[in-house]
Asker: 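Input: one structure, supplied below.
First the proteins, then the strands, lettered A, B, ... as listed; each starts at 1. From a predicted model like this one, the values you see are computed outputs, not experimental measurements.
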Number of protein chains: 2
Amino acid sequence: MAKQMTEMLKGTLEGIVLAILSEQPAYGYEITARLRDQGFTDIVEGTVYALLIRIEQRGFVDVTKVPSEKGPPRKVYSLNAAGTEYLDEFWRSWAFLADRIGRLPRHDRDQKEEGS
Amino acid sequence: MAKQMTEMLKGTLEGIVLAILSEQPAYGYEITARLRDQGFTDIVEGTVYALLIRIEQRGFVDVTKVPSEKGPPRKVYSLNAAGTEYLDEFWRSWAFLADRIGRLPRHDRDQKEEGS
DNA sequence: TACCGGTACCCGGTGACACTGAGTAGCAGG
DNA sequence: CCTGCTACTCAGTGTCACCGGGTACCGGTA
């Protein structure tokens with residue numbers, strides 16, 4: 001993926017992870033796998049863990065240590081009230097930005113996908 | 001605007017400016033004004049000029065000095081071939097990201113909040 | 001003349017973020 | 001034993017938007 005992605009992900013990756021956690025609690029290794037699954041093949045573990053530590057220190061998630069039979073104990077993150085609110089703000093910012101960018105002079109090649 | 005915007009704009013602001021330039025050449029002061037016009041009220045001149053210098057050094061734009069009757073000469077930036085290609089890549093990255101984010105859970109709250 | 005405000009551009013420093021590349025540790029199987 | 005998977009950690013790097021200044025040119029007003 002283009003180098004542009006790296007910069008674009010700033011700010012959005014956080015929201016993406018928060019959104020994943022809003023569905024159900026998860027731990028770092030799992031989140032990394034799920035991100036890869038969803039197409040973000042270039043995102044490595046180190047990035048995700050650093051992000052998780054950040055949102056933990058900001059108080060957006062609650063953490064529970066759960067033993068694993070296959071390795072070190074898992075740190076399971078679950079979104080709390082503050083995190084939910086922050087995620088909400090993320091969606092508002094995203095909606096704003098996406099709207100403005102959607103209005104930019106189109107590059108001709110417009111692809112519309114009728115939603116399933 | 002939320003602090004989230006600052007991070008979200010990283011990478012995208014560049015694309016936004018490039019997209020503006022793809023429509024027609026423009027100079028810094030004008031671009032700043034146009035951004036404000038389009039809702040990016042928090043973006044200050046310094047940010048735009050720094051960005052313009054960057055994309056100039058990367059060879060995405062051609063620059064022409066045009067005298068102004070109202071102040072210092074204008075540096076008019078116009079997108080060149082490399083810039084066009086880079087902008088194209090920006091759109092691809094954006095489409096990818098917007099698509100993934102669109103698939104995230106609990107995105108359904110695209111209420112517009114007016115009033116208050 | 002002296003000053004103010006609009007036009008137009010530039011710069012050094014800051015904080016935040018994703019990335020790099022390495023490391024620790026537990027467990028299972030060849 | 002040693003590889004490979006699971007699972008987490010961490011110091012250092014580069015890039016970006018932001019901050020808060022500054023320079024300079026010009027027209028209008030007091």
Side-chain angles (χ1 to χ4, degrees), chain A residues 1-18 25-36 40-58 60-61 63-77 86 90 93 97, chain B residues 1-18 25-36 40-58 60-61 63-77 86 90 93 97:
Chain A
M1 193 52 51
K3 202 175 4 182
Q4 319 226 30
M5 269 311 277
T6 296
E7 291 305 320
M8 271 193 207
L9 281 174
K10 290 188 179 175
T12 56
L13 182 57
E14 203 176 83
I16 291 168
V17 170
L18 253 25
Y27 56 97
Y29 195 81
E30 185 189 3
I31 293 170
T32 305
R34 205 175 298 180
L35 285 172
R36 290 184 192 284
F40 297 102
T41 53
D42 294 339
I43 294 177
V44 292
E45 296 172 59
T47 299
V48 176
Y49 285 116
L51 193 160
L52 288 172
I53 288 170
R54 235 179 351 252
I55 63 178
E56 178 187 357
Q57 282 174 347
R58 291 193 184 166
F60 297 149
V61 287
V63 186
T64 320
K65 271 227 158 96
V66 176
S68 162
E69 337 78 42
K70 305 208 110 195
R74 297 167 174 167
K75 284 181 74 177
V76 175
Y77 296 83
Y86 187 77
F90 166 78
S93 294
L97 185 60
Chain B
M1 191 55 50
K3 202 176 6 183
Q4 318 227 32
M5 268 314 278
T6 294
E7 292 304 321
M8 271 193 206
L9 280 174
K10 290 186 179 175
T12 55
L13 183 57
E14 203 175 84
I16 291 168
V17 170
L18 253 25
Y27 55 98
Y29 194 81
E30 183 188 4
I31 292 170
T32 304
R34 206 176 298 181
L35 285 172
R36 290 184 193 283
F40 298 100
T41 52
D42 295 339
I43 294 177
V44 292
E45 295 173 59
T47 299
V48 177
Y49 285 115
L51 193 160
L52 288 172
I53 288 170
R54 235 179 351 253
I55 63 177
E56 177 186 358
Q57 282 173 348
R58 291 194 183 164
F60 296 149
V61 287
V63 186
T64 320
K65 271 229 159 94
V66 177
S68 162
E69 338 76 43
K70 304 208 108 193
R74 298 167 172 166
K75 283 183 74 178
V76 175
Y77 295 83
Y86 187 78
F90 165 78
S93 296
L97 185 61

Asker: Kindly write out the residues that satisfy ring-ring contact (aromatic ring centres under 6.0 Å, His included) with A:Phe40, not counting sequence neighbours, or none if the list is empty.
Answerer: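 For A:Phe40 the ring-ring contact (aromatic ring centres under 6.0 Å, His included) partners, ignoring immediate neighbours, are B:Phe96.
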
Asker: Identify the heavy atoms of A:Val48 and A:Gly28 that sit nearest to each other, and give their distance.
Answerer: CG1-O, 4.2 Å

Asker: Should B:Lys75 and B:Glu56 count as an ion pair when the cut-off is N to O under 4.0 Å?
Answerer: yes

Asker: Could you tell me the boundaries of the chain B footprint on DNA chain C, defined by atoms under 4.0 Å from its heavy atoms?
Answerer: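 Extent of the interface on DNA chain C: C:dG6 to C:dC17.
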
Asker: Using whole Å, report how far OH of B:Tyr49 lies from C1' of D:dT23.
Answerer: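 Value for this atom pair: 12 Å.
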
Asker: According to side-chain contact (heavy atoms from CB on, under 4.5 Å), who are the partners of A:Tyr49, at least two apart in sequence or on a separate chain?
Answerer: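 With sequence neighbours excluded, A:Tyr49 shows a side-chain contact (heavy atoms from CB on, under 4.5 Å) to A:Tyr29, A:Glu45, A:Leu52, given in chain and number order.
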
Asker: D:dA7 C1' sits how many Å from A:Glu30 CD, rounded?
Answerer: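 After rounding, the gap between these two atoms is 12 Å.
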
Asker: Heavy atoms only: give me the nearest B:Glu7-A:Gly11 pair and the separation to one decimal.
Answerer: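 For B:Glu7 versus A:Gly11, the nearest heavy atoms are CB-CA, 3.6 Å.
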
Asker: Identify, with sequence neighbours excluded, every residue that meets ring-ring contact (aromatic ring centres under 6.0 Å, His included) alongside A:Tyr86.
Answerer: A:Phe60

Asker: Specify the separation, in whole Å, of atom CZ of A:Arg34 and atom P of D:dT6.
Answerer: 15 Å

Asker: Output yes when at least one side-chain N/O atom of A:Tyr29 is less than 4.0 Å from OP1 or OP2 of D:dT6, else no.
Answerer: yes

Asker: When every nucleotide of nucleotides 11-19 of chain D is labelled 5' to 3' by its protein contacts under 4.0 Å (heavy atoms), B for base, S for sugar-phosphate only, - for none, what sequence of letters results?
Answerer: ---BBBSB-

Asker: Quick one: CG on A:Leu13 to OG1 on A:Thr6, what's the gap to the nearest 0.5 Å?
Answerer: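 Those atoms lie 10.5 Å apart.
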
Asker: Tell me, which of residues 68-77 of chain B have any heavy atom that sits under 4.0 Å from an atom in DNA chain C?
Answerer: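 Those residues are B:Ser68, B:Lys70, B:Gly71, B:Pro72, B:Pro73, B:Arg74, B:Lys75.
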
Asker: List the atom of B:Ile16, the atom of B:Phe90, and the distance in Å for their closest heavy-atom pair.
Answerer: N-CZ, 4.4 Å

Asker: Compare every heavy atom of B:Met5 with every heavy atom of A:Leu97, then report the nearest pair and how far apart it is.
Answerer: CD1-CE, 4.1 Å

Asker: Evaluate the side-chain proximity of B:Met8 to A:Thr12: yes if any heavy-atom separation is below 4.5 Å, no if none is.
Answerer: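 With C-beta onward as the side chain, the pair touches.
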
